[in-house]
Amino acid sequence: PWTAALLTSALVAVILAPTAVTAQDARFSTELALDVQTPSIVDMTEDGRWLAVTLRTRRGRVDTNHDRFGDPTYVAPSLLSAMLIDTRSGGQRWLHEEPAQVSDFAFSPDGDHLAYLHYDGSAFSLHVHDVDGGDTRMVDLRSSRPIASSSPIVWTPDGEHVLVTLRPDGWAERAQEAFYALTDAPVIVQDSRNDFLAWDDVRNIANEQITALVAIDDGSVREIMDDVVPQDVGFSPDGDRMTYQTAVRTKTSYTRRDGTDYGLYALDLDGGDPVELIAPSEERLTGSWNEQRDAYAYADEGAVFVHTADSDDEPRDVTEGLRTIAGDTTEVDFSVVRWSADGDDLLLSSSKGWHLLDVDGGDLQTVLTLEEDEDERPRRSVEAWSEDGRHVYYSYSAPDRWERGLKRLDVGSGEIETLMLDSSLYRNWSISADGERIAYTMSDGDRPADVWSWADGDAAATRLTELNPQLADVAVSRTELVEYLDVDGNTLYGILYYPANYEPGRTYPLVAEIYEEFFDNGFHENMNLITAQGWFGFRPSVRFEEGYPGEAWLKAVPNAVNKIIERGLVDEEKIGVYGQSYGGYATNLLITQTDRFAAAANVSGKVNIISFLGDSPKITTRNYAAAEVGQDRIGATLWEQPHKYINTSAVMFADRIETPLLMLSGEGDWNVPATNQREMYYAMRRLEKEVVWVHYTAGGHGAGRASSEADFHDHWQRMFDWFAEHFDEDGEAVSEQGGGS
């Protein structure tokens, strides 16, 4: 069996230790950034032998036509390479070595076939790869209906069919006509008497799908549903019944708490109408099916209910009488985590711990007790429950240091075994049904991730890929977790990125990227481009107070920067700050409150939250919801507390800005239209402040970073030159496409 002794951080550090960089090593550049490959494990066979892995690069996502955002017929480019990896031998097989538009990979239940979708620029097609034979073929659907761009792939238990969704006849024409009516028509009409905003009506067209089963041997199509789009689809072991959830929009919602009805259904595939298991309501279901798909567990106001698909009885409260704790006057609120493989037990969670419930017997035992102080509580997330019911595997992350990994809990004894625990960053945990094989992606924090595998009996983990050899002689940044206090005395953390080819004893400029909270230390493109200029990069965290979000960055960011200055690492006269989207908004607010920074940059960030509310019609009510109940954290409507909207709109205080400001925007930005940043440009110019506005006509949300390759290079070069100019550095910043030292 695995032992913690074999899985020490020292071992992993040796395995992952990068080639030592020297003063002559090349620096990271935007050209290199375009081709950094990031792996994702998209599926694993039940026995853990085969992995389906996709590789994503930034180059594969350029040249999106942002003007067509909101067009249900438009498929934005997202090109991936895809491969199969044998975890036993380490052998690799390309499915698509050249990047292609592929998605929705799913192994058949027996692991013999891998199905996925491929988009050729005009239509989606279903492909099936023979794992043993190595051949891939396109399944020629015997239907005139095209596969929907958002189609899932779900195998039937016998491995003979896959479930997909198709578009109804004439769908594309109707969708394009609806999009045209709101973009290019000579007269555009919107009417509040309709249940939906006009753009929501267009978005609803994307939900017009027909659910069908496709035979993989001959492509025959059997349509089984056309009124709703099923979610969380599953089949009974004999394949006779399909269970699913629905989320049917009923009206445009401003609160995120209404406007959608959620229901639970079962459908006999031999014929008949869907059976309503849980009536549709605006209360979102939070639960799961057992493996047999004959019982569903969900939480409702802290109690857990089980509904049996074959029963006409009402859902049964399986936690009745189990929610009281001696000496505590409040009831325990449970959530459903998952079923055991045999369907006898449920794993529940609460603020107190994790609990094992015997569904029929009613016995409840706490198998893991959580720390009382939530701020000191590690983050734990269940990744798998072994098919024999013995072990629960969960990821683990300490809240105050880089200590992450995987543990397993023996639910019988309560014993916890550490399988791996170190400072590396782990993602994509994939665990075989028997728990004997684990695959994952892992980065040491400084270099991009690779795919790894660990099996019972292995002396060490096996590195299955080496995806970015082009970075072997590149001086990537070294990361460090920094702890500091904000003005209110809250302990916060930030990530410090050391300059390329850092020399101890020197002081360097620093550029901070701000947003909300940062903690993980994985390879970061932005920071490596900043540190390649010979500067420190820094990502400090902030803490918000509902109703007063604009104070968060002033309370935390200067204190965080002071922490670095006090260590003698940074020249306090050469501090820059920037952010994108919400981070750009934060940057503009911050420089209305302090002149601490030598220069600032706002990338696609709003400056006037009032005009922003209805300024992005293609995302309908999102901006209202963000301000009132979401990320902006104002907690009230404009008409209830207008002063808070004014206080969090940087343009209202443009006269206070003393920091030179660079703004970058994209013409096709559906999230933060350039008209919002234009307000700040004209305000600062009117006030005779130093401001430069760069607008990318092919750009989207992210300005040049969400545009063409040429704009990507241009975007970063302007950022580099802007900060270099205001740091009074000699000469220009490192060329955006250069690879030299």
Side-chain angles (χ1 to χ4, degrees), residues 40 42-43 45 50-57 60-61 63-65 68 71-84 93-156 158-176 205-226 229-230 233:
S40 292
V42 290
D43 203 10
T45 54
W50 291 99
L51 302 177
V53 176
T54 60
L55 309 176
R56 184 183 302 274
T57 67
R61 305 195 304 275
D63 294 328
T64 295
N65 184 346
R68 291 192 58 189
D71 180 349
T73 67
Y74 179 60
V75 180
S78 181
L79 304 182
L80 308 172
S81 298
M83 64 169 61
L84 284 184
R93 179 193 307 164
W94 284 110
L95 295 171
H96 288 273
E97 184 172 8
E98 291 299 316
Q101 193 100 355
V102 289
S103 60
D104 296 283
F105 293 82
F107 282 110
S108 58
D110 59 11
D112 290 344
H113 295 91
L114 176 69
Y116 62 94
L117 299 179
H118 178 269
Y119 181 67
D120 64 4
S122 60
F124 283 88
S125 54
L126 174 65
H127 289 243
V128 175
H129 179 79
D130 185 328
V131 174
D132 289 333
D135 297 326
T136 301
R137 65 183 179 87
M138 185 182 78
V139 179
D140 187 11
L141 270 63
R142 290 158 58 181
S143 172
S144 61
R145 305 188 197 274
I147 297 175
S149 59
S150 56
S151 172
I153 289 183
V154 185
W155 286 88
T156 56
D158 59 11
E160 296 181 0
H161 298 79
V162 295
L163 178 145
V164 299
T165 57
L166 310 174
R167 294 298 188 192
D169 294 335
W171 176 86
E173 292 76 11
R174 292 197 309 277
Q176 289 173 346
I205 294 174
N207 292 326
E208 295 181 10
Q209 300 176 42
I210 296 170
T211 304
L213 293 175
V214 178
I216 64 168
D217 59 348
D218 63 4
S220 59
V221 175
R222 177 188 171 195
E223 297 179 0
I224 58 175
M225 188 184 307
D226 63 4
V229 179
V233 174

Look up atom [atom1] in [X] and atom [atom2] in [Y], then write down how far apart they are to the nearest 0.5 Å.
X      : Y      : atom1 : atom2 : value
Met83  : Leu51  : CE    : CG    : 10.5 Å
Ile147 : Leu141 : CD1   : CG    : 5.0 Å
Thr57  : Leu79  : OG1   : CG    : 7.5 Å
Leu166 : Ser151 : CG    : OG    : 7.0 Å
Glu97  : Leu55  : CD    : CG    : 10.0 Å
Ile216 : Ser108 : CD1   : OG    : 7.0 Å

Answer yes or no: is there a side-chain heavy-atom contact under 4.5 Å between [X] and [Y]?
X      : Y      : value
Leu117 : Leu126 : yes
Pro168 : Arg174 : yes
Asp226 : Ile210 : yes
Phe124 : Ser149 : yes

Could you report the tightest heavy-atom contact between [X] and [Y], atom names first, then the distance?
X      : Y      : result
Thr73  : Ala172 : CG2-O, 3.8 Å
Ala115 : Val162 : CB-CG1, 4.4 Å
Leu95  : Phe105 : CD1-CE2, 4.1 Å
Tyr116 : Ser103 : CB-O, 3.5 Å
Ser143 : Val221 : CB-CG2, 3.9 Å
Val131 : Gly111 : CG2-O, 3.5 Å

Between [X] and [Y] (side chain of the first, backbone of the second, donor and acceptor by atom type, cut-off under 3.5 Å), is there such a pair?
X      : Y      : result
Trp155 : Ala106 : yes
Glu223 : Ala212 : no
Arg142 : Val214 : no
Asp43  : Phe107 : yes
Gln101 : Ala76  : yes
Thr156 : His161 : yes
Arg167 : Arg145 : no
Ser78  : Arg61  : no
Trp171 : Ile205 : yes

- Within a radius of less than 6.0 Å around CG of Asp218, do more than 12 heavy atoms belonging to other residues, nucleotides or ligands occur? yes
- Note on the structure: Partner of Thr211 under side chain to side chain contact (heavy atoms under 4.5 Å, CB included), picked from Val229, Val233, Thr165, is Thr165
- Task: Apply the side chain to side chain donor-acceptor pair (under 3.5 Å) test between Thr136 and each candidate in His113, His96, His118, His129; give the one that qualifies.
- Result: His129
